[in-house]
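Below is one structure, written out as structure tokens; the observations come after it.
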There are 2 protein chains.
Amino acid sequence: MHGDHPTLEAVAAHAGVSRATVSRVVNGTAGVRPELRERVKASVAALGYVPNIAARNLVTRRTGAVAVVIAEPETRVFADPFFARQLRGISRTLAAHDTQLLLMLLEQRADYERIGRYLTGGHVDGTLMFSLHNDDPLPAIAAASGLPTVFGGRPGWSGAERQPDILYVDTDNRDGARQAVRHLLERGRKRIAVITGPLDQTSASDRLDGYLDALGAEAPDPGLHAHGDFTVEGGAQAMAWLLDRSPGPAARPDAVFAGNDLMATGALRTLRDRGLRVPDDVAVVGYDDLEPAATWSEPSLTTVRQDVERMGELMAGLLLQRLGRGGASEDDAPPAPVVTPARLVVRGSS
Amino acid sequence: MHGDHPTLEAVAAHAGVSRATVSRVVNGTAGVRPELRERVKASVAALGYVPNIAARNLVTRRTGAVAVVIAEPETRVFADPFFARQLRGISRTLAAHDTQLLLMLLEQRADYERIGRYLTGGHVDGTLMFSLHNDDPLPAIAAASGLPTVFGGRPGWSGAERQPDILYVDTDNRDGARQAVRHLLERGRKRIAVITGPLDQTSASDRLDGYLDALGAEAPDPGLHAHGDFTVEGGAQAMAWLLDRSPGPAARPDAVFAGNDLMATGALRTLRDRGLRVPDDVAVVGYDDLEPAATWSEPSLTTVRQDVERMGELMAGLLLQRLGRGGASEDDAPPAPVVTPARLVVRGSS
DNA sequence: GCACGACATGAGAGCGCTCTCACCGTCTTT
DNA sequence: AAAGACGGTGAGAGCGCTCTCATGTCGTGC
């Protein structure tokens, strides 16, 4: 298939040293005379030697690979470059530490079982998981595998319970929502509605909490509280529901905070269909700063941005740290969950 | 790290047979008495045995893994779920054949070198590559690695030249473009402009060719031929250029075929800014059927759809076939490039 | 009834690497 | 000047698996 692969042995012979010495040089272990080290390096280059990872893994019991598990990719991966960006951050960080990225996309129930077996089989050193729902079996699978795991987004409590030292990277959804709603208050909006995502996802419930935080003591009118499902269509319907519930213009919400940009896009559509002007009649704020939704829309969307790529980097970093390959800060504080800041981006819709 | 991993040896002892027999059972090799086979299987289950792939790979010289290499992901991966969908198709097919998916995203020049070394190192059995530009070094790297490779999209000739039996999966861009432009002709449009993508990508040049095909003998006015870069901004500028070049309403194009939906979105924006109505004044057709661009836009976009997920499946299938793990059609025709059909989707913009 | 082939099983070598441990030469210490 | 300490190097034992080959055990044909 592929050409001749020189072995350690061959390099050793070429350099006139032992296998052990070549191994030390290749792995950067200290304790080889500089002179010898150079000679070995020259031989490695001359022969085009590349270590056989299978052999290495066999003895070290490490694979140098981590699995990235993404559950139910149909849900978000499509209209949303979220995972793609996160993957970029992850890929970059892992590559910098010579760690391979094994991608596993779970689509069906049967896939979960496969993954469980795979992880337990010790084919990877750790996992990065994106589990979207609170009742997702992924945290349990991760726990059962015994592999160090970092989650993208704070997992629901059912998983957290079993794994007290659970590691995750999340964005500060609550604060982001707070910023969004405060912004609407500052703009003088009085009746601020919310369109939530599925509340069995922490991102959705945290954003709702932030909305409630900002509104403070004033118990919000339940008529201003609509449920969506993080899709455009769901946002459109939720907006329609909100408008239908208000008898007259006075009761109508003068602002809407949507749990994500997709739903905000749907809300914009409904408002346009009903002949309402944005932001004059109703201000709209989204969440995610999803390029297609936020900047291509008319008007462009005020929304909350999170540094998704950075979150990917942090996830990988956290995992590498736990694997003991964390770079400089080896003996620093033990790895802990990270929450990254969110930032309001004001555009035309508010 | 993870619990006890029973070895083949342990299973053999438990079942009272030799290592070789257990190996045969585990790998489904013929020639074991059914009775023994069952006994071994029971022991495997009882001990929770999972083969150590490192050890297996070491002797078989196969890794059971395939690298998916995506070059310059910043370009498209962001606003475009293209790769995410293709990955889904790939992942599904590979999983069905117990093959792992190693994802490598290339961002910098240095990454290419890293990948080259990695592939040459024999860490994977084959590669799936997405190389976007004709002068991309990826085909050369693939050739140098000697690994079976399947490309996503037809690579430019410079790579194809060196590898005569090159394998790829592409969509029929030329025919898709032909359909789009014929549709505009059928709608009675007379001055049909084109906004091309970067012509060093076969997808862009093929689409231009399709446009020219449909227009036939009538040499198109060079003033109707604008260059874009597959981005929204580029499309907006190209549209502006087209409008600026036409002295009066009579000379103005009455239709635009954009090389992708992103550019079509940009074109829509420019038309709106100039006070032109779509499709009344100018009809617009895009390409890709990118959900955010095509269905969320106002008006929704007539565009050309390709089954991206299916393309991913086909790519993986082709590679597995070449690796001799192709399922049923082992001894059928040798694997060959596949071109999948494109289909016009008519919506509001034309 | 005996040679032979077909089939099932086990013994054992070895894949390429890491890592422990023994060795050796050089330097310090008493 | 002898004894120890120490850093550099090599020898060799495996890691868990597959696969070839030898061995054993039948069934078949003459």
Side-chain angles (χ1 to χ4, degrees), chain A residues 1-41 43-44 47-65 98 120-123 125 324-325, chain B residues 1-41 43-44 47-65 98 120-125 324:
Chain A
M1 193 180 291
H2 23 270
D4 58 327
H5 279 209
T7 71
L8 251 202
E9 189 84 48
V11 178
H14 187 272
V17 298
S18 73
R19 265 200 331 274
T21 299
V22 180
S23 176
R24 280 188 269 259
V25 172
V26 169
N27 292 291
T29 313
V32 178
R33 257 172 31 239
E35 170 204 332
L36 253 197
R37 185 174 290 276
E38 285 315 311
R39 201 161 86 218
V40 170
K41 277 185 177 169
S43 294
V44 166
L47 298 177
Y49 169 74
V50 182
N52 177 322
I53 32 165
R56 188 195 318 242
N57 294 347
L58 181 56
V59 32
T60 59
R61 265 92 215 311
R62 293 186 333 159
T63 66
D98 275 318
T120 312
H123 304 328
D125 298 337
R325 276 175 266 171
Chain B
M1 192 179 293
H2 23 272
D4 56 328
H5 280 212
T7 70
L8 250 202
E9 189 83 50
V11 179
H14 187 272
V17 297
S18 73
R19 261 196 342 267
T21 299
V22 180
S23 175
R24 280 187 270 258
V25 172
V26 168
N27 293 290
T29 312
V32 179
R33 256 172 32 239
E35 172 204 330
L36 252 198
R37 184 175 291 277
E38 285 315 311
R39 203 162 84 218
V40 170
K41 277 185 177 169
S43 295
V44 166
L47 298 177
Y49 169 74
V50 182
N52 178 321
I53 31 164
R56 177 181 293 177
N57 294 347
L58 181 56
V59 34
T60 59
R61 265 93 215 312
R62 294 187 331 157
T63 65
D98 274 319
T120 312
H123 304 328
V124 291
D125 298 337

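FYI, side chains are in, hydrogens and waters are out, and symmetry mates aren't considered; it's all heavy atoms of this structure. The chains referred to below are lettered A, B, ... by the order of the sequence lines, with proteins before strands, and numbering in each begins at 1.
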Donor-acceptor pair present, [X] side chain and [N] base, under 3.5 Å:
X: A/Arg33; N: D/dT9; value: no
X: B/Arg61; N: C/dG16; value: no
X: A/Arg24; N: C/dT18; value: no

By nearest atom, which of the nucleotides [options] is closest to the [X] side chain?
X: A/Val17; options: C/dG16, D/dC17, D/dG10; value: D/dG10
X: B/Leu58; options: C/dT18, C/dC17, C/dG16; value: C/dG16
X: B/Ser18; options: D/dG10, D/dT18, C/dG10; value: C/dG10
X: A/Thr7; options: C/dT9, C/dC19, C/dG16; value: C/dG16
X: A/Asn52; options: C/dT18, D/dA11, C/dC17; value: C/dC17

Query raised in the report: Within the structure shown, what part of the strands sits under 4.0 Å from B/Leu36 by heavy-atom distance: base, sugar-phosphate, or nothing?
Result: sugar-phosphate
Query raised in the report: With a 4.0 Å cut-off on heavy atoms, is B/Asn27 in touch with a base, just the backbone sugar-phosphate, or nothing at all?
Result: sugar-phosphate
Query raised in the report: What's the OH-P distance between B/Tyr49 and D/dG16, to the nearest Å?
Result: 10 Å
Requested in this report: For B/Arg62 and D/dC17, give me the distance from atom CZ to atom P, rounded to whole Å.
Outcome: 16 Å
